[in-house]
Amino acid sequence: MFSVLICDDSQVARKQVAKCLPQDWEVAVHFARHGEEAVTALAEGKGQLLLLDLNMPVMDGYQVLEHIQQAGLQTAVVVISGDVQPEAHERVKRLGALEFIEKPINPEVLRNLLIKHQLFVREVTQPAPELDRLDPALRDCYQEITNIAMGQAGDHLARILNVFVKLPIPNVNLIEASELLMMLQDIEDKETVSGICQGFVGPGVCGEALFILSDSSFNDVAKILNIEEEVDDRVQLELLMDAANILIGTCLNGLANQLDIHFSQGHPVVLGQHRNITELINTNRTRWRRTLAIELSYGLEGYKVQCDLILLLTEESLKVLNNKLSHLLED
């Protein structure tokens, strides 16, 4: 899969650039907060295309371009910067950059540039018209049945842990893979996380449940469960699996009962421990293309515990689910 590395010291800018990538482009997107991280990522083979800011701490964009030239790295570089000085344009071209795009970035400009340099070749496909958007009435149905299932999962968790669970408002969206990456990066909040993924299938329906627990939560979870031993990686993994099992299982059962279907759950898979969201998702993003994403964020009152449960349902599953929910609407 083609690899794109976005390097900018601003998290907002990184997200904006990622949003401007063609939505119909199958790419693995990586991120760097400054030039030194970009150089490390390039050395690891991340970044056939580098979208590079100029003014950054630690190592700026000019230094990155110089390093690429000196190391003979085979990566295409497009500079994206707010520095509009003619000398800046000329200097980055001398250092090997393909193009210079001024901020704020325009998606159409970037798309045309990628086509011009044969970095992006669009595959013309005809998406199913009925799945281009989620009907507002159906979205309300998904949100309502998720509310009920989420409440059951929260109640189960509260009884086991003897705590008050702060229930979220479900976020339901039909999204592309790149949008999923950006949604999950909002969860990161500058700390590492651990994640579990568990597949599930039913008649005409399949998907994956993604459970993410912030690493800062483990000590409080252990305290709630009266675990006195050292909270090392082994203990953390046990806590992660237990919490994922409770929330995923109860939430899926709640949805299945309302939809009158049965879900069979696969074996939970550890996506990673103590990793940032970018690493975790880029490792697994080939499975998550266009999907219905139901996002739930749980917290425990009085404790620094934050976990996120995201249900990802395949595009093909929507025909069955939408049909079932349409019947509910008619009733």
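What you see below is based on every heavy atom in this structure, not just the backbone, and it leaves out hydrogens, waters and symmetry mates.
Judged by distance alone, with hydrogens and angles left aside, the side-chain atoms of Asn257 form a donor-acceptor pair with the main-chain N or O of Asn253 at under 3.5 Å. Glu102 places no side-chain N or O within donor-acceptor distance of the main-chain N or O of Gly82, the cut-off being under 3.5 Å.
A distance of 7.0 Å separates CD of Glu316 from SG of Cys206, quoted to the nearest 0.5 Å. If you take NE2 on His117 and CG on Asn112, they are separated by 11.0 Å, rounding to the nearest 0.5 Å. Separation of atoms OG1 (Thr250) and CG (Leu309) is listed at 10.0 Å; rounding is to 0.5 Å. Note that the CZ atom of Arg111 and the CD atom of Gln23 stand 9.5 Å from one another [nearest 0.5 Å]. Here the straight-line distance linking atom CD of Gln236 with atom CG of Asn219 works out to 7.5 Å at 0.5 Å rounding. Atoms SG and CD1, on Cys20 and Ile105 in that order, are 4.5 Å from each other to the nearest 0.5 Å.
Hydrophobic clustering places Phe211 together with Met241 (ILVMFWY residues linked when any side-chain heavy atoms are closer than 4.5 Å, directly or through intermediates). Under the 4.5 Å side-chain contact rule for hydrophobic residues, Leu119 and Phe100 do not share a cluster. Using a 4.5 Å cut-off between side-chain heavy atoms of Ile, Leu, Val, Met, Phe, Trp and Tyr, with links allowed through other members, Phe164 and Leu296 fall into different hydrophobic clusters. Leu240 and Leu252 fall within the same hydrophobic cluster, defined by Ile, Leu, Val, Met, Phe, Trp and Tyr side-chain heavy atoms under 4.5 Å apart, directly or through other members. Neither Ile6 nor Val64 shares a network with the other; the hydrophobic side chains, linked directly or stepwise wherever heavy atoms of I, L, V, M, F, W or Y lie under 4.5 Å apart, form separate groups for each.
When side chains are defined from C-beta on, Leu54 counts as touching Val79, because their heavy atoms get closer than 4.5 Å. Taking 4.5 Å as the limit, every side-chain heavy atom of Val221 sits out of range of all side-chain heavy atoms of Asp242. The shortest side-chain heavy-atom distance between Leu73 and His67 falls under the 4.5 Å cut-off. Two residues are said to be in side-chain contact when any heavy atoms from C-beta on lie closer than 4.5 Å; Leu237 and Asp233 fail this criterion. With contacts defined as side-chain heavy-atom distances shorter than 4.5 Å, the pair Leu5/Phe31 does not qualify. Leu300 has its side chain within reach of Leu157: a pair of non-hydrogen atoms, C-beta onward, lies under 4.5 Å apart. Using a 4.5 Å heavy-atom cutoff, the side chains of Tyr142 and Leu292 are in contact. Two residues are said to be in side-chain contact when any heavy atoms from C-beta on lie closer than 4.5 Å; Tyr298 and Leu247 meet this criterion.
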Chi angles and distances behind the side-chain contact (heavy atoms from CB on, under 4.5 Å) call for Ile294, Ile310:
CA-CA 5 Å; Ile294 301 174; Ile310 301 167; over 6 Å; no
Derivation and outcome, side-chain contact (heavy atoms from CB on, under 4.5 Å), residues Asn173 and Glu295 | CA-CA 9 Å; Asn173 285 296; Glu295 180 187 5; over 6 Å; no
message: Determine whether Ile80 and Leu52 satisfy the following criterion, side-chain contact (heavy atoms from CB on, under 4.5 Å), listing intermediate values before the conclusion.
response: CA-CA 6 Å; Ile80 301 173; Leu52 178 68; over 6 Å; no
How far apart are the C-alpha atoms of Val77 and Leu65, what are their side-chain angles, what is the distance that settles it, and do they pass the side-chain contact (heavy atoms from CB on, under 4.5 Å) test?
CA-CA 8 Å; Val77 183; Leu65 287 167; 3.6 Å; yes
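Applying the side chain to side chain donor-acceptor pair (under 3.5 Å) rule to Lys166 yields no partners; only residues at least two apart in sequence or on another chain are considered. Partners of Asp9 by salt bridge (Lys or Arg N to Asp or Glu O under 4.0 Å), not counting sequence neighbours: none found. With sequence neighbours excluded, no residue forms a side chain to side chain donor-acceptor pair (under 3.5 Å) with Gln143. Residues satisfying the side chain to side chain donor-acceptor pair (under 3.5 Å) criterion with Gln85, sequence neighbours excluded, are Asp83. Considering only residues two or more places apart in sequence or on other chains, Glu228 meets the salt bridge (Lys or Arg N to Asp or Glu O under 4.0 Å) condition with none of them. For Val235, the side-chain contact (heavy atoms from CB on, under 4.5 Å) partners two or more places apart in sequence, or in a different chain, are Ile227, Glu229, Val231, Asp232, Leu239. In this structure Glu37 satisfies the salt bridge (Lys or Arg N to Asp or Glu O under 4.0 Å) test together with Arg33, sequence neighbours excluded. Listed by chain and residue number, nothing satisfies the side chain to side chain donor-acceptor pair (under 3.5 Å) test with His89 (two or more places apart in sequence, or in another chain). In this structure, the salt bridge (Lys or Arg N to Asp or Glu O under 4.0 Å) partners of Lys103, at least two apart in sequence or on a different chain, are Asp8, Asp53.
Between the side chains of Glu44 and His30, no donor N or O sits under 3.5 Å from an acceptor N or O. For the residue pair Tyr62 / Asn55, no side-chain donor-acceptor distance below 3.5 Å is found, with atom types taken as modelled.
Here the closest non-hydrogen pair linking Gly45 and Ser3 is O-OG, 4.4 Å. Pairing each heavy atom of Gln198 with each of Gly266, the nearest pair is NE2-O, 2.7 Å. When every heavy atom of Val165 is checked against every heavy atom of Gly154, the shortest pair comes out as CG2-O, 3.6 Å. Smallest separation of non-hydrogen atoms from Leu42 and Gly47: CD2-O, 3.5 Å. Here the closest heavy-atom approach between residue Leu311 and residue Cys251 is recorded as CD1-SG, 4.4 Å. Between Leu95 and Glu66, the shortest heavy-atom contact is CD2-CG, 3.7 Å.
Residue pairs satisfying the salt bridge (Lys or Arg N to Asp or Glu O under 4.0 Å) criterion with at least one member in residues 68-77, sequence neighbours excluded, are absent. Within the structure, salt bridge (Lys or Arg N to Asp or Glu O under 4.0 Å) pairs that include any residue of residues 142-156 comprise Asp155-Arg159 (at least two apart or interchain). Residue pairs meeting the salt bridge (Lys or Arg N to Asp or Glu O under 4.0 Å) criterion with at least one member in residues 54-65, sequence neighbours excluded, do not occur.
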